2 protein chains.
Amino acid sequence: MMDAVIIGGGPAAFSAALNLKIRNKSFMILAGNEKVTGLMRAPQIDNYPGMPGISGTELIEAYRRHVEEMGIEIKKDKVYNVLNMGDYFALNAGNEFYDAKCLIIATGHAKFKYFEGEREYLGKGVGYCATCDGPLYRNKSVAIISQNEEGEEEARFLSEICSEVYYLPMYKEQPELNDKIKLINEKVVDILGDGTKVHTLKTDKSELKLDAVFIIRNVLPVNQLLEGLELEEGSIKVDRSMATNIPGVFACGDCTGKPYQIAKAVGEGNVAALSAVKYLDSVR
Amino acid sequence: MMDAVIIGGGPAAFSAALNLKIRNKSFMILAGNEKVTGLMRAPQIDNYPGMPGISGTELIEAYRRHVEEMGIEIKKDKVYNVLNMGDYFALNAGNEFYDAKCLIIATGHAKFKYFEGEREYLGKGVGYCATCDGPLYRNKSVAIISQNEEGEEEARFLSEICSEVYYLPMYKEQPELNDKIKLINEKVVDILGDGTKVHTLKTDKSELKLDAVFIIRNVLPVNQLLEGLELEEGSIKVDRSMATNIPGVFACGDCTGKPYQIAKAVGEGNVAALSAVKYLDSVR
């Protein structure tokens, strides 16, 4: 059982990690797909004190070097779901499972628009992890709607077990797919079903008959990550110590709301980690 | 009338300044005596992301360079008192006066022990600014209790107008005083008076008869800085946007409470400045 898991791979997560390391806690960073961060695209950042005019790519590289120099490992596992087990948390990260006494959530900008029908059919044909739920749809028709290239791997996996796989990319790069996957360059309009399960994905140009829709976003809906986590205007609600409404769960960075800024994220990561240390001391 | 004044000269103040500058606000940093900061004494800082193992002196120098490269001026004026004028704030910084629409307080670690009698006789012989109130004690006896070398200058000034000047340093370096100033290397025990004004400074070894006691600390008591500012456990009470209970007044860094950390200070400075910008837009 680890002391803590940090979910996320941006400035807040790295800042939290430095502090947990200094305080000798056992922990892991589960960073997910590191390619997908808006920070990487910032050409020049002028308000991270001490590093004037640095680019987003340089800054995140400096953070990563710092973390690695401190002997902290960054894992690429993407966390799909966390179960609150009372006195610890069980994390499902695709094929891996991890247990930790406390959690630091730093999953980034959490606000986004749900698709029509997404919330209604969540768990009834709509899912966020093809690796986890794909086997339920053996020899059936499925679609993957993806904000990033991660979806391509999921599609290739599903193409091995499903009868039909539609792939709807929400990004500009040309996807690398195999012949079994049908590329659909259309805009999602609605996810339709009979009330108990999904049967159609409606786009601006067609209606796809299918059994499941997997949605791969850069960040997971945070309320999907951990049941009972209180939100405020779509962001995770925290107090000044970065504690959420669930004891042992702390949050930091963009997922706690505006302003979406690096310095704010780094500061909150610092505070969240020290609050987690205090929490760990109190439950020992 | 400036848009804002930042009071303080540490990481939170500098971080706030970068953001006000980027957002094109007119403002000033009133940093006070820059020599006096605990950060300068940190030999190695491992948890400021991106700059592993940096010393406190190097880090504050990097911050100062960054601020100066952005064309921001740092003034050494020390703010003694702020008056809330309703729709703006009037700052008394020794012999200078400044007006600003909003304030960012970043004065550092605010908790300290008051001397016995200090609060009772504040304004009745006890003061924090010899330059301001010294002239009231022409040809009288005064003492200066000082946490730093700044007090020596105040003592030299008072020695020109007062009949007797006692100097009680609370630091290790040998003070540079003139012959008219009496160096008292004793520990302050109590400030005594007749209920309406001070008449005695009691130390562990003697009782000094006098008319005024000036106390020079590294930071001013925050509740002395601005009347009506709400505190919580001795620190300035702020919400998640770094707003205090007074509209137009924001606070960040160590003065808002634990943890006393650079990353936290920098993050709070970032948020305080952006909240101040929002406030300025709303009152325009």
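Keep in mind the model is a prediction, meaning the values are calculated, not measured. Chain A is the first sequence line, chain B the second, and so forth, proteins listed ahead of strands; every chain is numbered from 1. The basis for the numbers below is simple: all heavy atoms, side chains too, and nothing from hydrogens, waters or symmetry mates.
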Next item on the list: Sort out for me which of B/Pro259, B/Ala263, B/Pro49, B/Gly267 touches chain A most, counting heavy-atom pairs under 4.5 Å.
Entry: B/Pro49
Notebook entry, point to check: Can A/Glu268 and B/Arg240 be counted as an ion pair, charged N to O under 4.0 angstrom?
Noted result: yes
Margin query: Would you compute the distance between atom CG of A/Asn270 and atom OH of B/Tyr48 and round it to the nearest 0.5 angstrom?
Written below: 11.0 Å
Next item on the list: Please determine, among B/Met51, B/Lys21, B/Glu69, the option with the most heavy-atom pairs under 4.5 Å with chain A.
Entry: B/Met51
Next item on the list: May I ask you to check whether over 12 heavy atoms, not counting those of A/Arg217, lie within 6.0 Å of atom CZ?
Entry: yes
Notebook entry, point to check: Atom CD1 of B/Ile22 and atom CD1 of A/Ile45: how far apart are they, to the nearest 0.5 Å?
Noted result: 10.0 Å
Checklist line | Distance, nearest 0.5 Å, that separates OG of A/Ser15 from CD of B/Gln261 | finding: 9.0 Å
Check: When heavy-atom pairs shorter than 4.5 Å are enumerated against chain B, which of A/Ala62, A/Pro52, A/Ala17 gives the highest number?
Finding: A/Pro52
Check: In Å and rounded to the nearest 0.5 Å, what is the NZ to CG distance from B/Lys258 to A/Leu274?
Finding: 11.0 Å
Check: With a 4.5 angstrom heavy-atom cut-off, which part of B/Ser241 approaches chain A: side chain, backbone, both or neither?
Finding: neither
Check: Take atom CD in A/Glu68; do more than 12 heavy atoms of anything else shown fall under 6.0 Å from it?
Finding: yes
Check: For B/Glu153, does the CD atom sit with more than 12 other heavy atoms under 6.0 Å from it, leaving out its own atoms?
Finding: no
Check: chain A heavy atoms under 4.5 Å from B/Leu59: which part of the residue, side chain, backbone, both or neither?
Finding: neither
Next item on the list: Might you confirm whether atom NZ of A/Lys237 has over 12 heavy atoms from other residues, nucleotides or ligands at distances under 6.0 Å?
Entry: no
Margin query: Out of B/Asp239, B/Val271, B/Thr256, B/Asn47, return the one with the most heavy atom pairs under 4.5 angstrom to chain A.
Written below: B/Asn47
Item checked: Segment of B/Val238 engaging chain A (4.5 angstrom heavy-atom cut-off) -> both
Next item on the list: Drop me the distance from B/His66's NE2 to A/Ile54's CD1, to the nearest 0.5 angstrom.
Entry: 10.0 Å
